Amino acid sequence: MRIENHPILDLDRDEEKEITFTYKGKEIKAYEGETIAAALYAAGIRVLKASSKYERPRGLFCAIGNCSSCHMVVDGIPNVKTCITKVKEGMVVEEEVGKGDIVD
Amino acid sequence: MKSKAEIVIIGGGVIGASIAYNLADKGMKDIVVLEQNYIASGSTGSCGAGIRQQWGTKMNCLLSRKSMEIFENMNEILDTKRDIELKQGGYLLLAFSKKELDQFKENVKLQHRYGIPSELLTVKEAKEIVPQLNTEGITGATYCPTDGHANPFRVTQAYVEAAQRKGVEFYTYTKAEDIITEKGKIKKVITDQGEIQTNKVVNAAGGFSKEVSQMAGIEIPTKSERHEILVTEQVNPILKPMVMSFSYNIYCQQTPDGSFVMGYGDPDEPESHNIKSSWQFLEEMSKKATHLLPFLKKIRVIRQWAGLYNITPDAQPILDEATDLEGFFMAVGFSGHGFMIAPMTGILMSEMILGEELSIDIELDLERFENDRLILEPSVV
């Protein structure tokens with residue numbers, strides 16, 4: 001399943017333009033204009049982070065940038081709201097564990 | 001509300017609470033604490049919460065070291081319901097000139113004499129403690145591994161609850177409005193909720209110390225000044241010590257919950273009771289902090305606040321009884337480092353009030369400002 005329309009963001013998806021980013025070191029294909037979470041969801045990835053206190057699995061929940069359930073470490077930056085952040089070519093996306101690490 | 005009390009402490013911050021607890025612990029009855037807002041709502045609750053033992057005078061070394069010993073055992077001493085969140089990640093003090101480093105060398109010698117385990121570090125050694133540190137311009141550092149910080153709300157609440165168990169009454173949202181005296185003696189305190197007859201008053205009013213003293217007709221040379229702080233989002237632990245510099249003018253710590261708390265002193269800040277946050281601070285603080293600790297560029301600021309430093313001419317507190325007014329005690333003018341010495345302040349003030357011998361020699365009397373006996377402490381913010 002692929003998320004094609006977002007209720008709030010005008011994503012300007014372009015299925016003609018395919019890009020590649022990495023998740024946990026694995027290459028993932030995405031369409032230009034879609035969010036990181038949408039691309040991960042399409043690739044069958046449901047667990048985006050481990051909760052901050054008990055490290056329980058957390059996945060896409062509100063999808064509009066409110067709930068912090070989709071926080072991931074993107075290009076070394078922790079707590080990125082992947083449900084509203086557009087994916088870019090070559091992005092390095094990691095699962096966030098706990099409160100997230102700042103990666104140099 | 002009581003109509004009579006043995007002593008009325010004005011100020012429900014950490015200083016007032018610590019004094020109240022120590023007086024009650026020594027057996028004093030009928031202690032009342034007045035707080036115009038809620039507990040720790042003033043300078044205590046807005047402070048940077050650092051606990052530093054790296055000082056440059058004997059008195060401050062002893063005050064801070066003995067206070068840290070109490071912080072280390074506070075959960076047991078006060079039988080606290082909630083942990084005070086003491087983190088002893090150390091304080092890394094950075095020097096940015098040869099002169100500053102020379103002063104640090106002297107300080108470390110003095111600190112060792114009074115049992116403080118500080119050490120002088122090269123730039124390389126400082127970077128081993130904080131690998132992300134941008135060492136540009138840094139000439140050296142000192143580090144004391146037992147320095148740290150604690151949660152000021154929890155510490156104050158711990159004192160309040162321990163004091164309440166010993167019979168102390170705290171009246172919050174109760175503002176002292178006047179102190180009535182007669183022939184050099186205190187008669188009563190008038191509040192917006194009623195009057196309390198008493199012969200003893202403690203001024204522990206933090207940012208409002210001058211105003212409370214004036215109610216009793218005593219002039220003191222304290223002034224209040226806004227100091228701003230910001231806090232970031234929480235991330236996993238990455239910064240162990242409090243990083244601080246007098247000359248670069250910054251302090252920054254990561255609390256146990258993962259957020260970074262930081263501030264600096266604006267040299268042009270006017271005297272006032274203003275505690276509004278400013279965008280100027282946000283901008284300057286962000287620049288300063290990300291220059292020194294570049295990894296901070298990757299996280300977001302979530303909130304700002306400000307509190308009052310209550311400053312004396314030598315940036316050292318006044319712990320004294322007024323000469324012209326029997327029973328009027330002052331624990332004021334902490335100049336930005338009251339929280340860290342609150343445990344010993346409570347003990348010393350209780351000793352002073354009960355006429356006991358003081359457990360540390362202090363020279364924090366009010367007269368020092370007139371007699372040119374200022375305390376020359378090199379390590380103040």
Side-chain angles (χ1 to χ4, degrees), chain A residues 8-9 21-25 35-37 40 45 47-104, chain B residues 82-83 85 87 89 92 123-124 126-136 149 151 154 230-243 250-262 282 285-304:
Chain A
I8 294 170
L9 299 176
F21 69 103
T22 66
Y23 165 71
K24 285 186 173 178
T35 65
I36 299 165
L40 289 171
I45 293 152
V47 176
L48 303 179
K49 70 162 282 168
S51 69
S52 56
K53 196 166 178 186
Y54 297 113
E55 298 187 7
R56 291 165 172 156
R58 291 286 181 265
L60 193 63
F61 182 61
C62 82
I64 53 167
N66 261 346
C67 78
S68 75
S69 191
C70 71
H71 281 186
M72 301 181 86
V73 182
V74 178
D75 291 338
I77 299 172
N79 299 331
V80 174
K81 296 164 188 282
T82 55
C83 69
I84 54 166
T85 306
K86 282 186 189 179
V87 66
K88 288 198 184 91
E89 177 70 40
M91 252 182 180
V92 179
V93 178
E94 300 290 344
E95 187 177 296
E96 181 163 308
V97 178
K99 287 167 176 173
D101 291 311
I102 301 174
V103 185
D104 266 331
Chain B
R82 296 207 295 169
D83 181 68
E85 292 180 346
K87 173 183 160 187
L92 185 68
V123 177
K124 192 168 160 264
K127 213 168 158 68
E128 278 163 23
I129 294 171
V130 180
Q132 309 88 348
L133 189 70
N134 173 7
T135 54
E136 188 190 326
H149 48 82
N151 182 323
R154 294 211 183 169
L230 65 77
V231 60
T232 70
E233 64 185 317
Q234 301 176 357
V235 289
N236 291 333
I238 179 167
L239 182 66
K240 187 169 163 262
M242 169 84 91
V243 175
I250 192 173
Y251 64 87
C252 177
Q253 49 133 317
Q254 188 179 21
T255 65
D257 68 16
S259 39
F260 291 84
V261 172
M262 61 190 85
L282 177 64
M285 184 77 250
S286 307
K287 276 186 203 155
K288 268 180 173 293
T290 56
H291 175 76
L292 197 60
L293 298 164
F295 70 85
L296 289 171
K297 283 178 189 166
K298 296 188 173 177
I299 56 172
R300 303 156 193 85
V301 174
I302 58 167
R303 197 159 56 86
Q304 278 175 258

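Model, not experiment: these values are computed from the prediction. Note: hydrogens, waters and symmetry copies are ignored here, and every other heavy atom, side chains too, is used. Residue numbering restarts at 1 for every chain, and letters A, B, ... go by the order of the sequence lines.
Residue A:V103 touches chain B through its backbone alone, counting heavy-atom pairs closer than 4.5 Å.
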Polar pairs (donor with acceptor) under 3.5 Å from chain A to chain B:
| unit_1 | atom_1 | unit_2 | atom_2 | d |
| --- | --- | --- | --- | --- |
| A:P78 | O | B:R300 | NH1 | 3.2 |
| A:N79 | O | B:R300 | NH2 | 3.4 |
| A:N79 | ND2 | B:E233 | OE1 | 2.6 |
| A:N79 | ND2 | B:Q234 | O | 3.2 |
| A:V97 | O | B:N236 | ND2 | 2.9 |
| A:K99 | N | B:N236 | OD1 | 2.8 |
| A:K99 | NZ | B:Q234 | OE1 | 3.1 |
| A:K99 | NZ | B:D257 | O | 2.8 |
| A:G100 | O | B:N236 | N | 2.8 |
| A:D101 | OD1 | B:N236 | ND2 | 3.1 |
| A:V103 | O | B:K298 | NZ | 2.5 |

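Contact between A:P78 and B:I299 at its shortest, heavy atoms only, is CG-CG2, 3.8 Å.
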